[in-house]
Amino acid sequence: MNGAWGVRRNYHAHAEEMGGVAPSTPKFFFMPPVAVVEADENGKVVMALGNPEHQIEHEVELVVQLGTDLKPISMAVGCDTTDRTAQAVAKSKGTSWLEAKGFPGAAVVGVWIPYKAGDYDIGLSVNGEVRQASNTSLMVHSVDALITALSGKEALSEGDLIFTGTPAGVGPLAPSDKVTAWMKNEAGKIISQFSGNCQ
């Protein structure tokens with residue numbers, strides 16, 4: 001399985017809630033293959049929370065998978081599950097976010113569908129409460145812009161994943177929480193989703 005690339009602060013509202021601003025050029029971090037967990041065909045998945053003593057938060061995202069020509073071939077809703085405790089330490093030291101973003105099961109991917117450029121509603125609920133709801137049209141950097149920027153920095157491969165950034169509303173997760181995430185088309189139909197219990 002390939003690894004995944006994440007994008008830092010690709011929605012203005014999320015950048016603001018984290019106390020910063022969206023960068024004018026995309027900034028990326030890497031999540032190793034062990035971090036990636038894909039839902040089954042019915043959208044069921046187990047969400048690992050890593051260190052139980054740390055604050056772990058959800059970040060719903062549009063995820064794209066690259067094809068042979070390094071163009072997006074598939075897409076899905078996903079969750080960049082983040083260890084905020086480890087991330088805070090990394091930020092203070094100016095070091096890699098690997099521990100915060102790359103623990104086993106941190107990069108959750110819902111049901112894959114063929115990629116089609118467009119604007120999609122994405123959202124996430126915890127125990128039935130909607131925490132995040134936004135539209136990919138609000139991304140600071142588009143999918144094409146992200147791929148162009150990333151390919152200029154890294155040697156991308158077929159099958160690589162790009163988590164395109166999260167909107168506002170990130171929040172904590174706890175063991176036994178039930179998480180549901182979705183992506184809808186312009187007609188309001190769910191086209192990708194996942195659901196699972198946190199462990």
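Position 1 is the first residue of the sequence, and the numbers go up from there. What's counted below: heavy atoms across the whole structure, side chains too, no hydrogens, waters or symmetry copies.
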Visitor: Check whether His54 reaches the backbone of Thr85 with its side chain - one donor and one acceptor, N or O, closer than 3.5 Å.
Guide: no
Visitor: So Asp83 and Phe103, do their side chains get closer than 4.5 Å, heavy atoms only?
Guide: yes
Visitor: When you look at Leu146 and Phe163, which way does the side chain to side chain contact (heavy atoms under 4.5 Å, CB included) test go after all the steps?
Guide: CA-CA 10 Å; Leu146 293 174; Phe163 281 65; over 6 Å; no
Visitor: Could you state the interatomic distance from OG1 (Thr148) to CG (Leu70), rounded to the nearest 0.5 Å?
Guide: 10.5 Å
Visitor: Which value, rounded to the nearest 0.5 Å, describes the distance between Glu59 atom CD and Thr166 atom OG1?
Guide: 5.0 Å
Visitor: Under 3.5 Å, is there a donor-acceptor pair between the side chain of Ser157 and the main chain of Asp160?
Guide: no
Visitor: Transitively linked via ILVMFWY side-chain contacts under 4.5 Å: Val37 with Val111?
Guide: no
Visitor: Any chance you could measure Ser137, atom OG, to Asp119, atom CG, to the nearest 0.5 Å?
Guide: 4.5 Å
Visitor: I want to know whether Trp5 and Phe30 have ring centres closer than 6.0 Å.
Guide: yes
Visitor: Taking atom types as modelled, find out whether Lys101 and Thr82 have a side-chain donor-acceptor pair closer than 3.5 angstrom.
Guide: yes
Visitor: So do the side chains of Val170 and His14 get within less than 4.5 Å of each other, counting heavy atoms only?
Guide: yes
Visitor: Should Val45 and Val126 be regarded as members of a common hydrophobic cluster, given that ILVMFWY residues are connected when their side-chain heavy atoms come within less than 4.5 Å of each other, either directly or indirectly?
Guide: yes
Visitor: Give a yes-or-no answer on whether the side chains of Gln193 and Thr180 include a donor-acceptor pair shorter than 3.5 Å.
Guide: no
Visitor: So how far is it from Lys71 NZ to Tyr115 OH, rounded to the nearest 0.5 Å?
Guide: 10.5 Å
Visitor: Do Arg8 and Phe28 have side chains that approach each other closer than 4.5 Å (heavy atoms only, starting at C-beta)?
Guide: no
Visitor: Check the hydrophobic clustering (I, L, V, M, F, W, Y; side-chain heavy atoms under 4.5 Å; chains of links allowed) and say if Tyr120 and Ile147 are grouped together.
Guide: yes
Visitor: Any side-chain to backbone donor/acceptor pair from Asn10 onto His141? Under 3.5 Å, distance only.
Guide: yes
Visitor: Take a 6.0 Å sphere around CD of Gln87 and say whether it holds more than 12 heavy atoms from other residues, nucleotides or ligands.
Guide: yes
Visitor: Looking at Gln65 and Ser74, would you say the former's side chain and the latter's main chain have a donor-acceptor pair under 3.5 Å?
Guide: no
Visitor: Indicate yes or no: at least one non-hydrogen side-chain atom of Val46 is less than 4.5 angstrom from one of Asn197.
Guide: no
Visitor: Does some side-chain heavy atom of Glu129 sit less than 4.5 Å from a side-chain heavy atom of Arg131?
Guide: yes
Visitor: Nearest 0.5 Å, what's the NZ-CE distance between Lys116 and Met75?
Guide: 8.5 Å
Visitor: For Glu38 and Trp112: C-alpha separation, side-chain torsions, deciding distance, then whether side chain to side chain contact (heavy atoms under 4.5 Å, CB included) applies.
Guide: CA-CA 9 Å; Glu38 298 182 7; Trp112 289 109; 3.5 Å; yes
Visitor: With clusters defined by side-chain heavy atoms of hydrophobic residues (ILVMFWY) lying less than 4.5 Å apart, directly or transitively, does Ile113 cluster with Ile73?
Guide: no
Visitor: Backbone N or O of Lys178 within a donor-acceptor pair of the Asn127 side chain at under 3.5 Å?
Guide: yes
Visitor: A side-chain contact here means heavy atoms from C-beta on lying under 4.5 Å apart; do Leu62 and Val77 qualify?
Guide: no
Visitor: Calculate, to the nearest 0.5 Å, the distance between atoms OH and OG1 belonging to Tyr11 and Thr164 respectively.
Guide: 5.0 Å
Visitor: For residues Val179 and Ile122: do they belong to one hydrophobic cluster (side chain heavy atoms under 4.5 Å, members Ile, Leu, Val, Met, Phe, Trp, Tyr)?
Guide: yes
Visitor: So do Cys79 and Glu61 actually touch side chain to side chain, heavy atoms under 4.5 Å?
Guide: no
Visitor: Applying side chain to side chain contact (heavy atoms under 4.5 Å, CB included) to Arg9 and Met18, what does each step give before you reach the verdict?
Guide: CA-CA 9 Å; Arg9 300 182 178 180; Met18 299 303 291; 3.9 Å; yes
Visitor: Find out whether Val109 and Phe194 are in side-chain contact, i.e. whether some heavy atom of one side chain is under 4.5 Å from a heavy atom of the other.
Guide: no
